[in-house]
Amino acid sequence: MQNAVVTVDGPVASGKTVLCQRLVQRLNQWDWLSTGVFYRGLAYMILELGLKDSEKKWPQMISEEKWKVEKEKHQTSFWYEGENKTPLIYNASIDQMASRVAENIPVRQALISCQRAHKKEGRGLIAEGRDCGTAIFPQAPLKLYLTAQDEVRAQRRAKDRNELPDRVISAQRKRDYSDSQRAFNPLRKPEGAWIIHTDQYSLDEMEEMVYKKVKSLF
Ligand code: DC
């Protein structure tokens, strides 16, 4: 299990989380880490502490002990000052702030080792995000890149969040743009990645084909 890492990258609402949730339920001895939770958690703290315009202070927050990210089978959770704040990190203002935090190079550099530390001896890891196959675990034996048409992704996100697709799509395009155009470790298709157009499969089909691939490799 030493090198048992599967990376799952892709843009907003490409279907990463739901695929990871399903896979990790079926794979004993495997964990799932949504790396976006680090950026969302930092965004939460920045807004909470009024540090929106103090970018220089953001990297210092990483070593503070008042927050942590924990892996669970159904979610990756964010804890702040001893409380589980996960339900508060999935909304439009955190989406936007997280994408800004993700552009901060010292923050990204510091987070890489925190994220790698979630790969535990004797356990497999499914790492989900935007730079898992390109920067965090570039040696992973299986790298996935999920994508789907803009409109399909916006509809999914609107349904999840109970919002209108027309409103969601402009925020989504903005976030896709900043995530893929940032200078350091942007969202890219990892070399050798298996590219899956998630609008061409049902969830069951996708789960089955990726599960089979994982079982054949590890
Ligand atoms: O996957 P997500 O929507 O929870 O990610 C939130 C933001 O975090 C995303 O817009 C960009 C950033 N992110 C990143 O830059 N690198 C990652 N590996 C994961 C997320």
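Scope of the values below: all heavy atoms of this structure, side chains included, with no hydrogens, waters or symmetry mates. Counting starts at 1 for both ligands and their atoms, following the listed order.
Screening Asp176, Asp199, Thr198 against Arg153 for a side chain to side chain donor-acceptor pair (under 3.5 Å) leaves a single residue, Asp176. Checked against Trp32 for a side chain to side chain donor-acceptor pair (under 3.5 Å), the options Gln25, His118, Glu72, Glu128 give a single hit: Glu128.
In terms of protein heavy-atom proximity, atom 18 (N) of ligand 1 is nearest to Asp131 OD1, 2.7 Å. Atom 19 (C) of ligand 1 has its closest protein heavy atom at Thr35 OG1, 3.4 Å. The protein atom (non-hydrogen) at minimum distance from atom 10 (O) of ligand 1 is Arg175 NH1, 2.7 Å. Ranking the protein heavy atoms by distance from atom 17 (C) of ligand 1 puts Arg130 N, 3.2 Å first. Atom 11 (C) of ligand 1 has as its closest protein heavy atom Asp179 OD1, 3.3 Å. The nearest heavy-atom contact from the protein to atom 13 (N) of ligand 1 is Tyr39 CD1, 3.5 Å. Counting protein heavy atoms only, atom 20 (C) of ligand 1 is closest to Gly36 CA, 3.5 Å.
Note: an N/O pair closer than 3.5 Å links Arg182 and ligand 1 by distance alone. Ligand 1 has a nitrogen or oxygen under 3.5 angstrom from a nitrogen or oxygen of Arg108.
Geometrically, Arg26 engages Tyr211 in a cation-pi contact defined by less than 6.0 Å to the ring centre and at most 45° from the axis.
Atoms of ligand 1 lying under 4.0 Å from any heavy atom of Arg40, numbered from 1 in the order shown and given with element: 2 (P), 3 (O), 4 (O), 6 (C). Distances below 4.0 Å separate heavy atoms of Gly129 from the following atoms of ligand 1: 18 (N), 19 (C).
Gln115 does not count as a contact of ligand 1, since none of its heavy atoms falls under 4.0 Å from the ligand.
Nearest heavy atoms, Leu47 versus Lys52: CD2-CD, 3.9 Å. Taking every heavy atom of both residues into account, Trp79 and Glu70 meet most closely at NE1-OE1, 3.7 Å.
By the criterion of a heavy-atom distance under 4.0 Å, neither the backbone nor the side chain of Arg100 is placed next to ligand 1.
Side chains of Asp204 and Ser202: a donor-acceptor N/O pair is absent below 3.5 angstrom, by distance only.
Contact check on Arg173 versus Glu151 returns a salt bridge, with a Lys/Arg side-chain nitrogen under 4.0 Å from an Asp/Glu carboxylate oxygen. A salt bridge is defined here as a Lys NZ or Arg NE, NH1 or NH2 lying under 4.0 Å from an Asp or Glu carboxylate O, and Lys143 with Glu191 fails to meet this definition.
Ring centroid separation for the pair Trp67 and Tyr44 does not come in under the 6.0 Å cut-off.
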